[in-house]
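Each remark here refers to the structure printed beneath this line.
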Amino acid sequence: MSETPLVHLENIVVRLGDKMVLDEINLKVFTGDRLVILGQSGSGKSTMLRLILGILRPISGVVRYRRLQVQKLSRSKLNLFRSRVGMVYQDSALISSMTVRENLALPVEELSRKPRKEINALIKENLEMVGMSGTEEKLPSELSGGMRKRVSLARAMMMQPELILFDEPTAGLDPVISSVIDELMINLSGKTNTTSIIVTHEMDSAFKVATRMAMLYQGKIIEETTPDRFRASANPVVRQFVTGTTEGPITKTPLNADSSK
Amino acid sequence: MMVSFFLGLTMALLTGDQLEKFGAERLVPTVISIAFTRELGPLLTGIVLAARIGAAYTAELGTMQVSEEVEAIEAMGIGPLRFLVAPRLVAIASLMPCLSVLSVVAALIGSALISWSALNLVPGAYFDAVLTSLIVSDIVTGLFKAMFFGLLIGLIACYQGLTIIGGAEGVGKATTDSVVISITTVIGFDTLFNVILTKITG
């Protein structure tokens, strides 16, 4: 592909303490992609999302968003860039003291001068999109895990972002709700051509939503291809991860918990 | 207010008892009003607010930090310092002088009651003495101290909350640390402030 990638990680190195989290990572994400990044817990998947958002800085390498170099952005430009990117956290990260309406209105009220009427219309539209109409006045504590995830996705969509980052979007959810979230992610990119980077280690969900898949193992991307080719990969690590067998090269010793947290 | 009220009672009782020996019990309103306006009002309010609001700030921000809410705010492009810290600092710095005034009033009421019942000083005369004793610089000093202590408590509490390491255990530890550090710092700065002020005014 000759087009400019939306996100481009170039030779990224991240080390936390003695642990090499990301070792010379190169990755391109193009507009419209639904890239699923797979890997064991603690392999640096969430770290990659935080790098893209500029929350974490690499030891070396460059994170580009279109032609912008994220690490070199001033504070105000970084905030402007972040407003174009949505993020859905593993635990939703809704502001617990705010209602659903306030959570959704927050980025728009803080970052734009849209009138109240327009903000309310956006809230209604996004809640409808995720099937959560009628929950505007509820607090996050009154919602189930799956509902919070959907509200979190609606919040991420409020600024009509070009890119959405999903950190374990289906972790801890039952299969039905997981499928609902998967379908939301697929519909989202279909309707709005939003690019998605999805971090997960749930294979069913990954194969369902991905247009491309990358496998992170011991700080390196060892495979990056289409879902079909990923499933048929000859790489023993990928094969073991896809089949979920205990026999194989993946170490049985769990790595440290996600190092960026 | 209750703390100040009871302390006002106690101070009037003890100082009155001692001053009575020299026939100077009529100085009780002067002693109490100056002590509370310049010193004890802001200090007591600071201690109570460090325990009440400082702890709440740390616990709230700490919980938000642990549950990634702070990072989510940052990821939206909203500065956490502007959105989470600045309003809290403004609130506590504005609240402290107001509560400090209430604290002084409560202490004066408490000491007036004791002066009336134990020292035969009628409330009218008591409050006349208070108004005569206090000068503008006493009031300004007290209000300035209160505002400064409020800022200190807010800064320490927010810093402790936003730099939490660990989960629920971390929140508990940071909250305790926040209260201890705030109270110690407020008393320390109060001492420093008094030393400087004494040097300046001779």
Side-chain angles (χ1 to χ4, degrees), chain A residues 46-47 49-56 70 73-98 102-112 140-141 148 151-153 155-159 161 163-168 257-258 260-261, chain B residues 49 51-92 94-95 153-155 157-175 177-179:
Chain A
S46 302
T47 303
L49 300 186
R50 285 167 174 85
L51 276 172
I52 294 168
L53 277 168
I55 289 170
L56 214 71
V70 174
L73 294 175
S74 64
R75 173 58 57 184
S76 58
K77 285 185 178 163
L78 185 63
N79 283 343
L80 187 67
F81 151 71
R82 284 172 178 166
S83 69
R84 289 192 220 149
V85 181
M87 172 93 183
V88 177
Y89 283 84
Q90 183 174 353
D91 295 320
S92 306
L94 296 172
I95 314 298
S96 48
S97 56
M98 291 180 167
E102 289 164 343
N103 263 287
L104 265 65
L106 177 64
V108 194
E109 280 176 349
E110 290 290 324
L111 303 169
S112 76
S141 57
R148 281 201 291 269
V151 172
S152 178
L153 176 55
R155 182 178 67 179
M157 287 303 294
M158 284 296 287
M159 292 297 285
L163 171 68
I164 298 200
L165 310 173
F166 293 89
D167 190 2
E168 308 271 6
D258 217 345
S260 66
K261 292 179 186 175
Chain B
L49 253 66
R52 176 68 183 83
I53 296 179
Y57 279 3
T58 305
E60 190 182 5
L61 292 179
T63 308
M64 289 180 79
Q65 177 75 13
V66 167
S67 58
E68 294 181 322
E69 290 174 35
V70 176
E71 192 186 300
I73 288 168
E74 203 178 347
M76 280 185 239
I78 303 167
L81 291 182
R82 179 176 64 80
F83 186 69
L84 296 172
V85 177
R88 284 173 169 79
L89 290 185
V90 170
I92 196 167
S94 318
L95 184 68
I153 293 163
L155 279 171
C158 291
Y159 176 80
Q160 289 289 327
L162 291 174
T163 53
I164 273 177
I165 299 169
E169 191 189 341
V171 176
K173 187 181 176 306
T175 307
D177 287 351
S178 168
V179 174

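Each chain gets a letter, A, B and so on, in the order the sequences are listed, and its residues count up from 1. In what follows, every heavy atom counts, from backbone to side chain, and hydrogens, waters and symmetry copies are set aside.
For a residue to count as touching a neighbouring chain, one of its non-hydrogen atoms must lie under 4.5 Å from one of that chain's; by this rule A:Val88 does not touch chain B. Heavy atoms closer than 4.5 Å to chain A are found in the side chain of B:Met64, but not in its backbone. If you measure heavy-atom distances from A:Leu53 to chain B, the contacts under 4.5 Å come from the side chain alone. In this structure, chain B has a heavy atom under 4.5 Å from the side chain of A:Arg155, while its backbone stays farther away. For a residue to count as touching a neighbouring chain, one of its non-hydrogen atoms must lie under 4.5 Å from one of that chain's; by this rule B:Ile73 touches chain A with the side chain only.
Scanning all heavy atoms of the two residues, the minimum distance from B:Gly54 to B:Ala157 falls at O-CB, 3.3 Å. Of all non-hydrogen atoms in A:Gly86 and A:Pro161, the two that sit nearest each other are N-CB, 3.6 Å.
The side-chain hydrogen bond (donor to acceptor under 3.5 Å, both in side chains) check on B:Lys173 picks up B:Asp177, with sequence neighbours excluded. Partners of B:Ser178 by side-chain hydrogen bond (donor to acceptor under 3.5 Å, both in side chains), not counting sequence neighbours, listed by chain and number: B:Thr58.
Counting heavy atoms from C-beta on, the side chains of B:Tyr57 and B:Ile92 come closer than 4.5 Å. Side-chain atoms of A:Arg82 and A:Ile55, non-hydrogen and from C-beta on, do get closer than 4.5 Å to each other. Side-chain contact check for B:Ile164 versus B:Thr63: every heavy-atom pair is 4.5 Å or farther apart.
A:Asp91 has no carboxylate O lying under 4.0 Å from a charged side-chain N of A:Arg148, or vice versa, which leaves the two without a salt bridge.
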I'd like to know whether A:Ser92 forms a side-chain contact (heavy atoms from CB on, under 4.5 Å) with A:Val151, so could you lay out the CA-CA distance, the side-chain angles of the two residues, the decisive distance to 0.1 Å, and finally the verdict. CA-CA 8 Å; A:Ser92 306; A:Val151 172; over 6 Å; no
List the steps, then state whether side-chain contact (heavy atoms from CB on, under 4.5 Å) holds for B:Ile53 with B:Leu95. CA-CA 11 Å; B:Ile53 296 179; B:Leu95 184 68; 3.5 Å; yes
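Among the candidates B:Glu69, B:Gln65, B:Glu71, the single residue satisfying the side-chain hydrogen bond (donor to acceptor under 3.5 Å, both in side chains) test with B:Ser67 is B:Glu69.
How far CZ of A:Phe166 is from OG of A:Ser152: 9.0 Å, rounded to the nearest 0.5 Å. Atom CG of A:Leu111 sits about 12.0 Å away from atom CZ of A:Arg84, to the nearest 0.5 Å.
Interface summary for chain B: among A:Leu78, A:Leu80, A:Leu94, the most heavy-atom pairs under 4.5 angstrom belong to A:Leu94. For the options A:Ser83, A:Ser96, A:Ser97, heavy-atom pairs under 4.5 Å to chain B are most numerous at A:Ser96.
Listed by sequence position, A:Leu106, A:Pro107, A:Glu110 are the residues of residues 102-110 of chain A in contact with chain B, using a 4.5 angstrom heavy-atom cutoff. Contact annotation for residues 77-88 of chain B against chain A (heavy-atom separation below 4.5 Å, listed by residue number): B:Gly77, B:Ile78, B:Gly79, B:Arg82, B:Phe83.
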